[in-house]
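What follows is a short report on a single structure.
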Amino acid sequence: MQFWLLKSEPVTFSIEALQRAPQQITHWDGVRNYQARNYLRNMQVGDLALFYHSNCTPPGIVGVVRVVKAAHSDDTAWDPTSEHYDPRSTKEVPIWSQVDVQLVEIWKEGLSLETLKSHADTLGEFPLVRRGNRLSVMPVTPSQWEEIHAIAGVSVSKKAFSD
DNA sequence: GCCAACGTTGGC
DNA sequence: GCCAACGTTGGC
């Protein structure tokens, strides 16, 4: 299994919104960047992802989700009323992908970007703390996964290593 | 609201 | 294929 980080603007979709969703599952759709899409396609059922709130105060990691359905066509690309509509994507030749994720846990205290930055030395090449990385889907290494849980004061989810 | 970073587009 | 213009992201 692999680890990931998923960004979302809480105004658009927050971890609390996921908590209220049926079965606490959502389609992670609307990704319109090829590199991020390719990461989505590399996800497997059981992979875990940090849920990151961007464009808010403070930005930071707020919990963990689990991939419950691997990449499949992002049907919002076919919907002319969707803000993610992309007429280049057809049902015959889909361009964009989505995965389904389910809430694993909400952290009582989020881990702010500011705090993450203060641990840049131990997090190494963690993409979030590198300037200018705007990808909404990013890989996280196992050591970064553990380090982030340690910084957050959250025990590494036992689910993380049971698969 | 500003603006740096960076992906995408499109003229050539 | 190059690269300038443009649009978006997202922290501040």
Side-chain angles (χ1 to χ4, degrees), chain A residues 2-21 26-43 47-65 67 70-101 103-141 143-145 147-154:
Chain A
Q2 291 180 269
F3 299 109
W4 308 93
L5 180 141
L6 295 171
K7 282 187 197 171
S8 183
E9 301 190 14
V11 168
T12 306
F13 188 76
S14 67
I15 201 165
E16 290 79 16
L18 176 59
Q19 188 176 35
R20 293 189 298 266
T26 191
H27 300 301
W28 204 268
D29 56 23
V31 171
R32 295 293 179 268
N33 170 285
Y34 285 103
Q35 193 178 351
R37 180 207 67 180
N38 292 341
Y39 286 139
L40 287 178
R41 290 182 175 179
N42 286 336
M43 290 183 184
D47 283 4
L48 294 173
L50 301 165
F51 194 116
Y52 180 85
H53 278 173
S54 65
N55 240 328
C56 58
T57 308
I61 296 165
V62 291
V64 175
V65 298
V67 176
H72 51 290
S73 305
D74 182 348
D75 47 8
T76 64
W78 307 328
D79 177 3
T81 67
S82 168
E83 62 178 319
H84 303 297
Y85 177 57
D86 184 350
R88 297 173 302 166
S89 181
T90 63
K91 296 193 181 187
E92 292 71 32
V93 187
I95 296 176
W96 303 111
S97 299
Q98 61 181 335
V99 297
D100 291 1
V101 299
L103 182 64
V104 172
E105 61 193 11
I106 295 180
W107 291 354
K108 281 184 179 147
E109 293 193 37
L111 180 50
S112 70
L113 180 61
E114 183 183 15
T115 303
L116 282 166
K117 283 179 173 172
S118 73
H119 290 267
D121 51 339
T122 48
L123 287 173
E125 289 299 297
F126 192 54
L128 257 192
V129 301
R130 283 211 310 268
R131 210 160 51 136
N133 198 312
R134 304 176 311 164
L135 273 186
S136 61
V137 181
M138 302 183 294
V140 174
T141 68
S143 63
Q144 288 164 349
W145 182 269
E147 180 66 20
I148 284 165
H149 280 73
I151 296 167
V154 177

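Reminder, nothing fancy here: chain letters follow the sequence lines and each chain counts from 1. Everything quoted here is computed from the prediction, not taken from an experiment.
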*asked:* For DNA chain C, which residues of residues 52-59 of chain A approach it to below 4.0 angstrom with any heavy atom?
replied: A:Y52, A:S54, A:N55, A:P59

*What pair of heavy atoms forms the shortest contact from A:R41 to A:P94, and how long is it?*
NH2-O, 4.3 Å

*asked:* What residues from residues 112-124 of chain A pass a heavy-atom cutoff of under 4.0 Å to DNA chain C?
replied: A:L113, A:K117

*salt bridge (charged side-chain N to carboxylate O under 4.0 Å, His left out) with A:D86: which residues, sequence neighbours excluded?*
A:R88

*Plane angle bin for A:F51 and A:H53 - parallel if under 30°, tilted between 30 and 60°, otherwise perpendicular*: perpendicular

*Among all residues two or more places apart in sequence or in another chain, which pass the side-chain contact (heavy atoms from CB on, under 4.5 Å) test with A:Q19?*
A:Q24, A:L103, A:I106

_Can you tell me how the ring of A:W145 sits relative to the ring of A:F3, calling it parallel under 30°, perpendicular over 60° and tilted otherwise?_
parallel

*asked:* Once side-chain contact (heavy atoms from CB on, under 4.5 Å) is applied, do any residues pair with A:T90, and if so which ones, sequence neighbours excluded?
replied: A:E92, A:V93

*Student check: side-chain heavy atoms of A:I95 and A:R37 closer than 4.5 Å*: yes

*Using side-chain hydrogen bond (donor to acceptor under 3.5 Å, both in side chains) as the criterion, list what pairs up with A:T81, not counting sequence neighbours.*
A:D79

Distances for protein N/O vs nucleotides 3-6 of chain C N/O pairs under 3.5 angstrom?
none

*Apply side-chain hydrogen bond (donor to acceptor under 3.5 Å, both in side chains) to A:R32 and list each qualifying residue two or more places apart in sequence or on a separate chain.*
A:D74, A:T76

*Do the rings of A:F13 and A:W28 sit parallel, tilted or perpendicular, given the 30° and 60° boundaries?*
perpendicular

*Using rotation axes that map the C1' atoms of four end pairs onto the next four (five pairs an end), what angle separates the end axes of the helix from B:dG1-C:dC12 to B:dC12-C:dG1, to 10°?*
10°

Using nucleotides 7-11 of chain B, report all nitrogen or oxygen pairs with the protein that are shorter than 3.5 Å.
unit_1	atom_1	unit_2	atom_2	d
B:dG7	O4'	A:R134	NH2	3.4

*Any residue meeting ring-ring contact (aromatic ring centres under 6.0 Å, His included) with A:Y85, in chain and number order, not counting sequence neighbours*: none

_Under the rule for side-chain hydrogen bond (donor to acceptor under 3.5 Å, both in side chains), what residues qualify as partners of A:Q144, not counting sequence neighbours?_
A:T141

*Check the side chains of A:Q98 and A:W96 for a donor-acceptor pair under 3.5 angstrom, ignoring hydrogens and angles.*
no

